[in-house]
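Worksheet: one structure, shown below.
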Number of protein chains: 2
Amino acid sequence: MLSKEDIFKKYLASKNLKFTTERQVILDRVFADHKHFEADELLVDLRLNDLKVSKATIYRTLALLVQSGLLREVIYGERHAHYEHVYGHEHHDHLVCNNCDKIIEFTEHRIEKLQEEVCKKYKFKAESHRLQIQGLCENCSKKNNCAVK
Amino acid sequence: MLSKEDIFKKYLASKNLKFTTERQVILDRVFADHKHFEADELLVDLRLNDLKVSKATIYRTLALLVQSGLLREVIYGERHAHYEHVYGHEHHDHLVCNNCDKIIEFTEHRIEKLQEEVCKKYKFKAESHRLQIQGLCENCSKKNNCAVK
DNA sequence: TGTTTTTTTAAAGTTATTTTTAAATATAAT
DNA sequence: ATTATATTTAAAAATAACTTTAAAAAAACA
């Protein structure tokens with residue numbers, strides 16, 4: 001299997017783009033930790049680690065990482081992009097707590113099977129999907145049993 | 001069963017708000033057609049029908065309609081709110097065509113059942129969910145077999 | 001009717017995210 | 001080396017989706 005670097009380099013090459021130091025730095029940092037993140041969080045994270053890459057480059061590189069298939073963009077009802085790893089990570093969906101914003105990932109193959117059935121029924125050719133369940137996580141629903149937030 | 005108007009009037013009364021002409025106009029227009037829509041589309045639609053309601057009133061009234069339970073907000077990966085009818089409409093999910101933006105609604109109770117299982121497993125108290133499958137609709141996938149868009 | 005409260009309007013303001021710009025730098029090709 | 005192409009940067013600008021404002025209009029109340 002190709003490494004992240006190889007995939008990214010290959011993608012860049014196919015578009016006649018270069019694998020620059022900045023792109024390397026961003027790639028490394030993005031995959032250093034397995035979490036959902038936002039462009040601005042990445043920026044702060046790079047600053048904290050004394051890695052200087054300008055904001056514009058971060059935005060441009062994230063777009064390239066998405067295009068190369070290494071990242072995907074997920075939106076949680078907010079007005080800015082959230083990213084997560086595609087590389088090295090099984091497809092999953094999300095439970096999102098409305099109270100504490102905690103995100104629980106889950107995988108349920110039977111749901112995916114049923115989605116395939118639905119697509120077949122409508123002759124729809126699925127490329128991606130996104131299932132998000134909003135509600136209260138265990139902790140928050142305990143709290144909210146007694147008193148409103 | 002209460003009509004849309006009755007539900008809205010009741011909600012407004014409970015908040016000491018008035019059922020004004022503008023609110024009536026917006027309610028009517030929103031339910032005149034069974035489609036997903038965005039605040040801005042509604043604005044254009046009202047203009048085209050020579051119904052003059054200011055932008056601020058549209059935004060405020062949509063918020064009231066959501067609060068009253070007549071509408072819900074759905075987001076399709078864009079950065080702004082999308083609305084759909086709750087009143088008179090069974091819960092459903094969406095197939096969204098990446099090519100022509102067509103939206104197909106579907107209902108699959110077995111998926112909902114499995115979602116309940118998942119929630120139980122994580123002791124998560126679901127309040128709402130949203131499943132969206134992106135891809136190509138029948139028409140567009142035919143077209144795209146031969147040539148790239 | 002006169003007074004108070006609520007609502008509407010158009011326009012300006014806000015906010016946060018993302019994109020563009022123009023100059024400086026780096027890389028690749030000839 | 002010279003030329004062309006691509007990239008980065010910081011700052012400014014753009015974008016988009018609302019929201020606020022202050023004045024005017026409408027409705028409810030006394």
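Every chain is numbered from 1 and lettered A, B, ... according to where its sequence line falls, protein lines coming before strand lines. The shown structure was predicted, so the numbers you read here are calculated from the model rather than taken from an experiment.
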Review point. Just to confirm, is there a sub-4.0 Å distance from OP1 or OP2 of dT18(C) to any side-chain nitrogen or oxygen of Y59(A)?
Key: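 Yes, within the criterion.
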Check your understanding: Any side-chain N or O of T20(B) less than 4.0 Å from the OP1 or OP2 oxygen of dT6(C)?
Key ->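 Checking T20(B) against dT6(C): no side-chain N or O falls below 4.0 Å of OP1 or OP2.
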So which nucleotide from [options] ends up closest to the side chain of [X]?
X: K18(A); options: dT21(D), dT21(C), dT27(C); answer: dT27(C)
X: L17(B); options: dA6(D), dT7(C), dA10(D); answer: dT7(C)
X: S54(B); options: dT8(D), dT9(C), dT18(C); answer: dT9(C)
X: T57(B); options: dT9(C), dT18(C), dT8(D); answer: dT9(C)

**Study point:** Pairing of R29(A) and D45(A) as salt bridge, 4.0 angstrom limit
**Key:**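 So R29(A) pairs with D45(A) through a salt bridge.
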**Study point:** Gap between atoms CG and P, on L43(B) and dA17(D) respectively (whole Å)
**Key:**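 Result: 12 Å.
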Exercise for review: Provide, to the nearest angstrom, the distance between the CD atom belonging to E38(B) and the P atom belonging to dT15(D).
Suggested key: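 For the pair E38(B) CD and dT15(D) P, the rounded distance is 18 Å.
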Under 4.0 angstrom, heavy atoms only, what part of the nucleic acid is [X] near: base, sugar-phosphate, or nothing?
X: R23(B); result: sugar-phosphate
X: A81(A); result: sugar-phosphate
X: K55(A); result: base

Point to revise | H85(A)-H36(A) aromatic ring centre distance below 6.0 Å | key: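 No, the ring centres sit 6.0 Å or more apart.
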